[in-house]
Amino acid sequence: MSPLLACSGLTMRFGGLTALDSLDIAVGTGETVGLVGPNGSGKTTFFNVLTGLYRPSEGAVRFEASDLFGRSPQEISRAGVARTFQRSRLMLDQTVFDNIALGALGRVDLGLLPALVFRSRFRRDLSALVEKATALTRRFNPHIAASLFKPAGSFTMIDRRRIEICRALIGGPRLLLLDEPSAGMTHEETRHLMDDLLAFREEMPDLAIVLVEHEMDVIRRISDRCVVLNFGRKIFEGAFDALLADPDVQTAYLGGSQ
Amino acid sequence: METAQLTGTRPAEVVRTQGLHRLLVAAIVALLFAGGGFLLHSEAQGEVIALLAAFVAIFVFAERLSAGRRAIALCRAHPGTVNLAAAVSVLAIAAVLREEHYTLLMMATVALFATAAAGLTLQMAFAGVPNFAGAGFFAIGAYVPAVLGGTGIPHLVVLLIAGCAAALLGLAILLPVLRTRGHYAALVTIAFGLLLRSFLEVNDVLGGPQGMKVPAFSLFGLSFARITEIGPYDVSFYLPYALAGCALFALAFFVVRRLETSFVGLAFDAVRSDEVAASVFGLSIARWKATAFLIGNAMIGVAGALYGMMNGFVNPNSANFGDSLIMLSILVLGGFGNLWGAVVASVVILVIPEKLQAIQEYRLVIFALLVIAILRFRPSGLMPRATRDLSALAMGGQR
């Protein structure tokens, strides 16, 4: 079976700096891959390349049957890739719904006529979207679902992260990229968030997830397979238990001992 | 019709409070407009100062006291009532002051500048496209009836053409505006305004520095210049312009509000606040910036055309940078994204200097100080834009 996402020889250079060095990473349908590595090892760059924010220098990116190499973020989004960001990118003065709806705007009629003239069509789409957003947020936190029309800025950090995850999920992506969902949260909050995510996984068995994380506990709990990056290169791929014992990984994290 | 459906399922008591609330909102709006009408009409310095003091007092009251805040919340909860009461108030003011040339000229000017501000709102407050050439697009609008006014094309069509002309000429700088950001995009529009003015000055076909005469607006063959009485009443030459200006603003208001409360509005806001997030979720930055820029310029152009027809002439000086800044001041002062704020700010910026002779000479100094003060102490403007709440629309759709 061919994987959902297959990157081969993916390279990203910024001038003389090679941020990603011929990466081969594959993710299967419904699989969760944990992506780890020290700071600056290229994890976020990998996401930025995958979502089209950076144009890769070399390599190939296949997603299902389509070639996503060098495509625009818009095309990649349409293909079914969604992500969250390491630093919150919510519009804090707008309502939770407005924020979450952004994730679905690629799938509604954005024409001027439904906006100006044929309002009944717009309202039907809007009601459907509100219902969907309510159902989705309720899974993560009923409080968010009940306050869907409050400004996003009035929520706690963990709820904001949940809102960001809902925004990424509402468009029904095939591949979800989570960039450090535990950043800036306590252990307790992280545990809650992971519980939500695991519960959600059960209902969406086909959704593939790539998770960038520093918290090893998070990686251990939810990933099927781990990939370790260092200086833009893949230094390890395999099960979590093997990861900790791997000498290359130990060197990358703890420094060389030669 | 819709409200009847909504309230039909509710207990009688709720219906009664709702009705009372609407009445209260209508009374507040009517009172504010009556005050505005007085201000427009008043000539005596003492009266003007007293009225201004009263408005400032009302403003402070509305902000500081809980009753005032409740009144604001009530008005925000009943936008339909606000709009209806405003329309009725405007008609009443126009009926009472039907013979007052100068007052009606002021009213028309405020309405047309507020319409231009509505176009700028789409561009700057929604999609985040800077436009420092508002007066340029306004002037383009005014040149169109100057050229086409005598050709027999119906003037309503001429207005449309004026809008299209402004949008089309805006296309010339669309690419550089889309390819630059922030200050650089602003500079592109400033350059466009300056170029346009120089072009108009040296172009003999368009009258050179003297400019051109613009024929009076005529609606279905009836020239506004020849309207001197309606029924048994003598009316000012400016009355039809004041009404047409207000109608145009109402149309612009309708378009802007509908766009704001739609997926298009969501797209605009997303593109303005975070281009990275908007792209990652599939929005085309160029498409939405271009949409806002074109529609906004069309609105400014139509307003400019009617303004030119009212004044009877247009010259290159209409496209000066200072006037573009005045349009921007209206936006900043009123509150980015709030069209009622734009109306209030248009009155403050266009009318008050005319009324207060003491400050007339210093008007530009005072605007500048006012804008600095607003940016420092109240960056979201006198009447900040309300957070969009689509819940009511979504609920209505389920019925």
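Computed from a predicted model, the values in this text were never measured in an experiment. Every chain is numbered from 1 and lettered A, B, ... according to where its sequence line falls, protein lines coming before strand lines.
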note = Bottom line for B:Arg385: the part with an atom under 4.5 Å from chain A's heavy atoms is neither
task = Evaluate the side-chain proximity of B:Asp274 to A:Leu90: yes if any heavy-atom separation is below 4.5 Å, no if none is.
result = no
Gap separating the CE atom of A:Met91 from the OG1 atom of B:Thr387, nearest 0.5 angstrom = 12.0 Å
Chain B interface, residue from A:Asp125, A:Thr95, A:Thr51, A:Leu102 that has the most non-hydrogen pairs under 4.5 Å = A:Leu102
ask   = Do B:Val280 and A:Arg89 come within less than 4.5 Å of each other through their side chains, counting heavy atoms only?
value = no
key: Flag side-chain contact, heavy atom, 4.5 Å: A:Asp98 against B:Asp269   = no
query = Should A:Leu53 and B:Val276 count as side-chain neighbours, where that means a heavy-atom distance under 4.5 Å?
reply = yes
inquiry  = For A:Leu148, which atoms come within 4.5 Å of any heavy atom of chain B: side chain, backbone, both, or neither?
reply    = neither
ask   = Atom CZ of A:Phe149 and atom OG of B:Ser391: how far apart are they, to the nearest 0.5 Å?
value = 5.0 Å
note = Applying a strict 4.5 Å limit to non-hydrogen atoms, the region of A:Val117 in contact with chain B is backbone
query = Side chain, backbone, both or neither: which part of A:Arg119 has a heavy atom under 4.5 Å from chain B?
reply = side chain
query = Taking side chain as C-beta onward, heavy atoms only, is A:Asp109 less than 4.5 Å from B:Phe263?
reply = no
remark   = Output for pair (B:Asp389 CG, A:Gln94 CD), nearest 0.5 Å, gives 12.0 Å
